[in-house]
Amino acid sequence: MDKWECLVCGYVYDPAVGDPDSDIPPGTPFEDLPDDWVCPECGADKDMFEKLE
Amino acid sequence: MRFVIIGNGVAGVTAARALSDAGAEVEVYTEEAHHYYPRPRLQKFLAGEIELEELPLYPLSWYEKRGIAVHLGVEVAGLDPRAKRIVLTDDRQVPYDRLLLATGSRPFVPPIEGVDKDGVFTLRTIEDALAIRRWAEGAKRAVVVGGGLLGLEAARALTVLGLEVTVLERGPHLLQRQLDADGGALMRELIGAMGIEVVLEASSQAILGDGQASGVLLQDGRRIEGGLILISAGVRSNVRLAQDAGLEVNRGVVVDEHLQTSAEDIYAAGDVAEFQGQVYGIIPAGLEQARVAAANMLGREQAEYQGTIPSNTLQVVGIDCASIGVVHPSEGEGYQELRKSEAGVYKKLVLKDGRLVGAILLGDRKDAAPISRLIRRGADVSRYAERLLDDDFDWKGLL
């Protein structure tokens, strides 16, 4: 599964970890995050993320 | 050890989070009536695109679980660095072992005649946004004073609310800080296409209207009509507490590379902090400073802050815009600029001694992430210089 990076603050969403602060369990692909999910570090919207390759 | 933080913006809460990660208990005092919300989201809230309940980033349980006690709506009256305690406005005294000042900044209101009239606003808090929304219901036209990032975002939000909006910019182009003349011109074009009018070189002299604002009078005599005036002319650090307590203060509270102020056991981070003469006023700097300050407050390591490469990556009124590092290179200092402008896209890359030090990417952010990383790294790109602006240049291949 791909990692995604926040363009605003550099936070990297790692599906293996999920986002415990927002109750997103490990194993959740970025694409499956809810539309209103925001960066847990800076609050940027989901569409401010780019896939890391 | 007693950790106290004043302010629950991005710097305060990031530090609280880092301290609690290390198992510390943290107390946060804030004048805000609301738990931490990312301030850029206020624009969407103003536009009515998200609800009040969606603003806070973390649920209450997040604070409880982490042992972070947030005291909302509490004003701090003063600091006593010698006795190591803060004093609240109700005279309560709160002792600390380590204190973090994360008091942020407030909108700067330039000396324009009549700014105290009804219908003149600034946008910084949830309460501000609510007041603007109420006023917007009875207004048809709005004037935004200031063509910076927040001014343009607010202009977009007001458009969504159904108002006709004019943006007044003092300088020769929009987004003075993030863009150059060519980028600013394209931004104006793109924004104009969305129905937002822009007036450049517009110095506001007075707010027109009898008790209630009806427009803005410019110094050159032009009159711009609007019953809702939003002043968006930058921010100033909230330094009063530090100043009154005798800490070294310049534009912001002066900090060293450990984010420590001139007073022992008092640290500062975010919009209130001034590091090597600079008050950054951007989220990435607030995040980095808060993490370094927290590490040093814990005393487990000597973390050093080395400054933040200014970076703004965002969507301005839905237009992708990234401005990273040096975008206004001084002449005669050996900078090289590469530019390309076509079909609604403007790109500029700034090199020094072959190294990538800055970029403007407007209308296309496809390569913003790798370019930003290469700038932070100071990567030598000289051997690709001729191909860097090619649309299919493989930036990720350089990482």
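Lettering follows sequence order; numbering is per chain, from 1.
The 12-atom threshold is exceeded at CG of D47(A), counting heavy atoms of other residues, nucleotides or ligands nearer than 6.0 Å.
Options R39(B), R41(B), E54(B), R365(B) differ in how many heavy-atom pairs under 4.5 Å they form with chain A, and the most are formed by R365(B). Per-residue counts of heavy-atom pairs under 4.5 Å with chain A were compared for T14(B), I283(B), L287(B); the largest is that of L287(B). Ranked by heavy-atom pairs shorter than 4.5 Å toward chain B, the options A44(A), G10(A), C42(A) are led by C42(A).
A salt bridge links E5(A) with R373(B); the closest basic N to acidic carboxylate O contact falls under 4.0 Å. Classification of K366(B) and E50(A) as a salt-bridged pair fails, no side-chain N sitting under 4.0 Å from a carboxylate O.
Only the backbone of F49(A) comes within less than 4.5 Å of a heavy atom in chain B; its side chain stays farther off. With a threshold of 4.5 angstrom between heavy atoms, K44(B) approaches chain A through side-chain atoms but not through N, CA, C or O. The contact between R17(B) and chain A is made entirely by side chain atoms (from C-beta outward), counting heavy-atom distances below 4.5 Å. For Y37(B), no part lies under 4.5 angstrom from a heavy atom of chain A. Heavy-atom distances place the side chain of P59(B), and not its backbone, under 4.5 Å from chain A. Proximity to chain B is absent for every atom of C6(A), based on heavy atoms less than 4.5 angstrom apart.
For the atom pair CG of L33(A) and CH2 of W4(A), the computed distance is 10.0 Å after rounding to the nearest 0.5 Å.
Using cut-offs of 30° and 60° for the angle between ring planes, the F275(B) and Y305(B) rings count as perpendicular. Y63(B) and Y58(B) have perpendicular rings, their planes meeting at more than 60° on a 0 to 90° scale where under 30° would count as parallel.
Both tests hold for K46(A) against F30(A): distance to the six-membered ring centre under 6.0 Å, angle to the ring axis within 45°.
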